[in-house]
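Note sheet for the following structure.
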Amino acid sequence: MKRLERILTEIAISLFFIILAMAVFGIHEKKAEKKPEERPAMKREEDCEMRGVWVASVENLDYPAAPSVSAEELRIQADSVLDGARESGFNTIFLQVRPCSDAFYPSEIYPFSRYLTGRQGTAPDSEFDPLAYWVDEAHKRGLELHAWINPYRIARDLSEWESVAENSPARQHPDWVVQYGEGYYFNPALPEVRQMVVDGTVEIAENYQVDGIHLDDYFYPGTEFNDGDSFAAYGGDFGDIGDWRRNNVNLLVSSLNTAVHQVDEELEFGISPAGIWASNTMHPEGSATTSSFSSYFSLYADSRTWVREGWVDYIAPQLYWEMGHAKADFNSLLGWWSDVVKQAKEKDVKLYVGIADYKTVEAGEDGNNPWYGGGEVARQMEACDANETVGGTIHFRYGLIDKCPAVKQVLSEAYLETEK
């Protein structure tokens with residue numbers, strides 16, 4: 001009996017030391033990976049129309065109306081926009097959370113935005129996280145929230161450049177920065193820059209329950225970009241600097257597509273490029289327009305390729321011209337983009353149309369202006385609704401729409417009265 005007790009005691013001691021060793025040296029069963037939270041229940045169904053609105057933060061256009069460190073003030077302003085958007089019939093907010101290589105959320109990569117608190121790098125009080133608040137409050141109201149980022153812009157002028165925070169990647173890596181005109185930009189040619197943009201996007205996708213990641217029409221700022229040394233270093237077999245620049249942007253877009261969907265397959269990734277890919281006077285496959293400005297040649301953004309390759313979940317070209325415009329007719333552009341998406345049908349890319357509601361405000365009391373009284377906005381929405389390829393519209397921008405009764409009436413008739 002004593003022998004059995006001794007054996008059991010020895011076994012117990014051995015087990016104790018084995019367990020102790022496992023705890024100390026980490027020799028234990030691997031924990032199950034944490035699964036991402038489910039997407040919000042109010043997420044639009046596949047066949048639900050996009051009714052989006054851009055909420056711009058650059059220059060304090062829409063949010064906040066003026067910089068503030070007050071968490072309470074920032075909450076009040078957010079609530080006002082969210083309530084107004086819902087009352088106008090929108091179902092999706094595109095909130096600009098990185099206007100100038102900065103952040104409307106605590107980031108390990110970018111400093112807090114000057115447009116948020118008044119000074120880049122200064123956080124709101126009470127550890128307030130604006131993006132987290134916007135996401136939560138949007139979802140409470142049944143709205144989607146897409147995080148809108150500008151990938152390369154650092155500062156719009158010398159004054160902003162001189163006030164860039166010391167913890168900005170632009171200060172830490174001055175060799176990544178190129179001045180263009182009055183502005184300052186990260187160099188799209190550098191692999192380190194593209195990785196920074198990807199890492200910053202993943203940071204948002206992993207830490208916030210946003211419904212999408214959104215880029216606008218800012219890529220290369222223009223044709224005279226000072227990147228000759230980069231072309232010599234990275235140009236490789238590219239004989240044309242334009243083709244090389246477009247490839248640099250393509251590398252970013254394809255990398256973002258992969259990275260975003262590695263975080264969450266259901267997360268939408270989309271881009272709103274300039275509405276003219278290229279005019280057919282400049283490219284044989286371009287649209288029936290005559291404008292000299294295009295995303296392909298002026299910004300080196302080959303938005304048609306993104307659709308053809310399926311690198312985006314949706315494309316939202318900014319068709320900011322009226323029907324019958326001499327150089328860029330809305331209907332011609334709508335047809336061209338519809339054909340692009342239809343020709344890449346197997347990629348399942350959605351087409352949303354960006355509409356220039358702001359031009360109604362600019363028209364003022366000019367009854368001869370086609371945008372006067374919201375008439376052009378209504379006509380364009382009707383044309384989009386009649387086009388089976390178009391999945392909805394996105395309107396620029398909230399602050400002006402909210403102050404324009406004519407546009408609000410058009411939206412009410414299109415979005416709210418149809419639901420009755």
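As a basis for the values below, the full set of heavy atoms in this structure was taken, side chains included, without hydrogen atoms, waters or symmetry mates. On a predicted model such as this, the values are computed, not experimentally measured, just so you know.
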Pair [X], [Y]: side-chain N/O donor-acceptor within cut-off below 3.5 Å:
X    : Y    : result
R114 : S163 : yes
Y300 : N248 : no
H214 : W54  : yes
D129 : Y208 : yes
D357 : W371 : no

Qualifying residues under side chain to side chain contact (heavy atoms under 4.5 Å, CB included), relative to Q195, sequence neighbours excluded: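 Once residues adjacent in sequence are excluded, the partners of Q195 under the side chain to side chain contact (heavy atoms under 4.5 Å, CB included) criterion are V198, D199.
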
Salt bridge between R141 and D79, side-chain N to carboxylate O under 4.0 Å?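 Here R141 pairs with D79 in a salt bridge, since their nearest N and O are under 4.0 Å apart.
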
I'd like to know if E376 and R379 make a salt bridge, using a cut-off of under 4.0 Å between side-chain N and carboxylate O.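 Salt bridge flag = yes for R379 with E376.
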
Is any side-chain heavy atom of V53 closer than 4.5 Å to one of I93?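 In contact.
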
Under a 4.5 Å cut-off applied to non-hydrogen side-chain atoms, are N187 and F225 in contact?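 Heavy-atom side-chain distance check passes, below 4.5 Å.
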
Worked verdict on D302 versus T305 for side chain to side chain donor-acceptor pair (under 3.5 Å): CA-CA 6 Å; D302 188 1; T305 289; 2.6 Å; yes

Tell me, please, which residues at least two apart from K408 pass salt bridge (Lys or Arg N to Asp or Glu O under 4.0 Å).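 Listed in chain order: D402.
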
Determine, for Y358 and R397, whether the Lys NZ or Arg CZ falls below 6.0 Å from the six-membered ring centre while staying within 45 degrees of the axis.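 R397 over Y358 ring: no.
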
How many angstroms lie between CH2 in W176 and CD in E192, if you round to the nearest 0.5 Å?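 Those atoms lie 6.0 Å apart.
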
Under the criterion side chain to side chain contact (heavy atoms under 4.5 Å, CB included), I'd like the reasoning laid out for I213 against L256: C-alpha separation, chi angles, the key distance, then a yes or no. CA-CA 9 Å; I213 298 293; L256 285 171; 5.9 Å; no

Check against side chain to side chain contact (heavy atoms under 4.5 Å, CB included), Q172 and N167: CA-CA 7 Å; Q172 297 168 352; N167 65 331; 4.3 Å; yes

Determine the sole option in Y218, Y185, F219 for which the side chain to side chain contact (heavy atoms under 4.5 Å, CB included) test with N150 is passed.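 Single side chain to side chain contact (heavy atoms under 4.5 Å, CB included) partner of N150 among Y218, Y185, F219: Y218.
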
Kindly determine whether S101 and Y184 satisfy side chain to side chain donor-acceptor pair (under 3.5 Å), including the steps that lead there. CA-CA 10 Å; S101 298; Y184 295 79; over 6 Å; no

Y372 and E365: side chain to side chain contact (heavy atoms under 4.5 Å, CB included), yes or no, with the steps? CA-CA 7 Å; Y372 170 76; E365 298 301 316; 4.3 Å; yes

